[in-house]
Amino acid sequence: MKKLTHKVDLHRKDLQEALKESEARFRSIVLWSMDAIIVTDAKGKIEYMNPAAERVFNRKIESFIGKDFGMPLVDGESTEIDIFRPGKEPGVGEMHVVETKWLNKKAHLIMIRDITEHKKLEMEREKVNKKLGQLALKDSHTGLYNHRYLKEAIEVRFSQAERQFSPFSVIMMDIDYFKSINDAYGHLFGDLVLKQLAKQLKTIVRPYDTIIRYGGEEFIIITSEANRAYTVILAQRILDKI
């Protein structure tokens, strides 16, 4: 019996040593973590914060201990919060909440990671994608919108006309003998003609009218709040100017 008791005591001692070692390792990881780590009790009262959390909130740990975290804590929830960054502009932190055990009691483990640079890269990527999207809708020769944009432009104008009970009109045109111009003078000269025409059209129509290079030498103008009579006058003005 004594032998069995001795074995149980040794096993318990081994478990306690392993638990202490595991706890020490956990505390070491938490202490040196670059992420802010906070532990609250089940009601949200702060029981522990690591040095990274002190930097993120720009306040001493002592001023937080025993205080309410101040936000609802839901297991598995992720959210973004404003964070302080010493020596840098304020940033964005991604906060994760996990229900856990702390000193054998139900607790919340809160981890906050600085994602400011990631958000900046994301915004830059969105800007680049937006710019690429705009470029995909522009004609490289004239800088006007291309045929891909036509459907979208028509839908927008039609919807606007329905809402405001106002007319809109469309002018279609092309350049006479454009193939002969290219054949006689070359494509570089033809491109110059296209650019000059586009430049002229921009000076004739209103700023909120839309000019589209629909095909090789075909152009479309979409005019807002313009009835047939106005558009016929505009078309004649274009002919006279060209």
Side-chain angles (χ1 to χ4, degrees), residues 79-82 85 88-94 115-242:
T79 188
E80 290 181 3
I81 62 170
D82 296 330
R85 302 194 305 161
K88 300 178 182 177
E89 76 281 1
V92 182
E94 188 173 53
I115 59 167
T116 309
E117 299 307 319
H118 172 73
K119 294 293 284 186
K120 283 181 181 177
L121 286 172
E122 202 173 85
M123 287 174 65
E124 286 299 321
R125 196 179 298 117
E126 284 177 7
K127 283 181 185 177
V128 169
N129 287 339
K130 187 177 179 182
K131 192 172 182 180
L132 288 172
Q134 289 173 342
L135 288 173
L137 297 175
K138 290 290 184 81
D139 171 52
S140 59
H141 286 96
T142 62
L144 301 176
Y145 287 109
N146 60 27
H147 68 279
R148 293 180 185 174
Y149 184 70
L150 178 63
K151 182 174 181 292
E152 182 181 332
I154 289 288
E155 286 176 354
V156 169
R157 301 293 185 182
F158 192 82
S159 176
Q160 183 184 32
E162 278 191 319
R163 287 197 314 272
Q164 299 176 356
F165 300 102
S166 61
F168 79 96
S169 300
V170 175
I171 298 173
M172 300 185 70
M173 70 187 80
D174 66 11
I175 302 173
D176 291 342
Y177 314 117
F178 188 67
K179 184 178 182 305
S180 299
I181 292 170
N182 277 332
D183 290 343
Y185 300 103
H187 289 280
L188 288 176
F189 188 82
D191 290 345
L192 182 61
V193 170
L194 292 172
K195 289 175 184 175
Q196 288 181 337
L197 176 61
K199 190 176 179 181
Q200 288 284 354
L201 291 176
K202 286 177 184 177
T203 64
I204 299 168
V205 304
R206 299 169 299 180
Y208 44 87
D209 291 334
T210 304
I211 312 171
I212 296 168
R213 184 188 173 197
Y214 185 66
E217 75 275 22
E218 297 168 320
F219 292 80
I220 290 176
I221 298 172
I222 305 172
T223 61
S224 298
E225 299 178 9
N227 58 21
R228 183 183 177 86
Y230 169 84
T231 310
V232 167
I233 293 169
L234 175 61
Q236 188 59 53
R237 193 186 312 148
I238 291 169
L239 285 173
D240 295 341
K241 185 79 173 176
I242 300 302

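For the single chain, residues carry numbers from 1 onward in sequence order. For the numbers below, each heavy atom of this structure counts, side chains included, while hydrogens, waters and symmetry mates do not.
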Counting only heavy atoms not in [X] (residues, nucleotides, ligands), do more than 12 fall under 6.0 Å from its [atom1]?
{"X": "L239", "atom1": "CG", "answer": "yes"}
{"X": "R148", "atom1": "CZ", "answer": "no"}
{"X": "D176", "atom1": "CG", "answer": "yes"}

Heavy-atom side-chain contact between [X] and [Y] under 4.5 Å:
{"X": "P90", "Y": "D82", "value": "no"}
{"X": "I212", "Y": "F219", "value": "no"}
{"X": "T142", "Y": "D191", "value": "no"}
{"X": "I175", "Y": "L197", "value": "yes"}

- Query: Roughly how far, to the nearest 0.5 Å, is CD1 of I222 from OH of Y145?
  - Reply: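 It is 10.5 Å, given to the nearest 0.5 Å.
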
- Query: Rounded to the nearest 0.5 Å, how far does CG of L192 lie from CG of L188?
  - Reply: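 Answer for the CG-CG pair, L188 versus L192, is 9.0 Å.
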
- Below 4.0 angstrom, N of the basic side chain to O of the carboxylate: do R157 and E162 qualify?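 So R157 does not pair with E162 through a salt bridge.
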
- Message: Using the rule given for side-chain contact (heavy atoms from CB on, under 4.5 Å), can you reason through H141 versus R213, listing the C-alpha separation, both sets of side-chain angles and the distance that settles it, and then say yes or no?
- Response: CA-CA 10 Å; H141 286 96; R213 184 188 173 197; 3.6 Å; yes

- Scan residues 180-189 for pairs that pass salt bridge (charged side-chain N to carboxylate O under 4.0 Å, His left out), counting only residues two or more places apart or in two chains.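 Only K179-D183 qualify under salt bridge (charged side-chain N to carboxylate O under 4.0 Å, His left out).
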
- Task: Could you list all the salt bridge (charged side-chain N to carboxylate O under 4.0 Å, His left out) pairs where at least one residue sits in residues 230-242, not counting sequence neighbours?
- Result: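 Listed once each, the pairs would be none.
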
- Report the residues that fulfil side chain to side chain donor-acceptor pair (under 3.5 Å) with S140, sequence neighbours left out, ordered by chain and then residue number.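 For S140, no residue satisfies side chain to side chain donor-acceptor pair (under 3.5 Å) once neighbours in sequence are set aside.
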
- Item | Residue pairs, two or more places apart or on separate chains, that pass ring pair (Phe, Tyr, Trp, His ring centres under 6.0 Å) and touch residues 185-217 |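 Residue pairs passing ring pair (Phe, Tyr, Trp, His ring centres under 6.0 Å), neighbours aside: Y185-F189.
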
- Query: Should E94 and K119 be marked as a salt bridge (charged side-chain N to carboxylate O under 4.0 Å, His left out) after you check the CA-CA gap, both sets of side-chain angles, and the distance that decides it?
  - Reply: CA-CA 10 Å; E94 188 173 53; K119 294 293 284 186; over 6 Å; no

Within the side chain of [X], is there an N or O that forms a donor-acceptor pair under 3.5 Å with the backbone of [Y]?
{"X": "T203", "Y": "Q200", "result": "yes"}
{"X": "T231", "Y": "N227", "result": "yes"}
{"X": "R206", "Y": "S224", "result": "yes"}

- Message: I'd like to check the ring-ring contact (aromatic ring centres under 6.0 Å, His included) partners of F168; sequence neighbours left out, ordered by chain and number.
- Response: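 Scan of F168 (ring-ring contact (aromatic ring centres under 6.0 Å, His included), adjacent residues dropped) gives none.
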
- Message: Please enumerate all residues that pass side chain to side chain contact (heavy atoms under 4.5 Å, CB included) together with K202, with sequence neighbours excluded.
- Response: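 K202 satisfies side chain to side chain contact (heavy atoms under 4.5 Å, CB included) with L144, I211 once adjacent residues are dropped.
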
- Name of the residue among L201, V170, T210 meeting side chain to side chain contact (heavy atoms under 4.5 Å, CB included) with I221: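 It is L201; the other options fail the test.
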
- N146/K138 under side-chain contact (heavy atoms from CB on, under 4.5 Å): CA gap, chis, key distance, verdict: CA-CA 5 Å; N146 60 27; K138 290 290 184 81; 5.6 Å; no

- Task: Run the numbers on I171 and I220 for side-chain contact (heavy atoms from CB on, under 4.5 Å), then give the verdict.
- Result: CA-CA 6 Å; I171 298 173; I220 290 176; over 6 Å; no

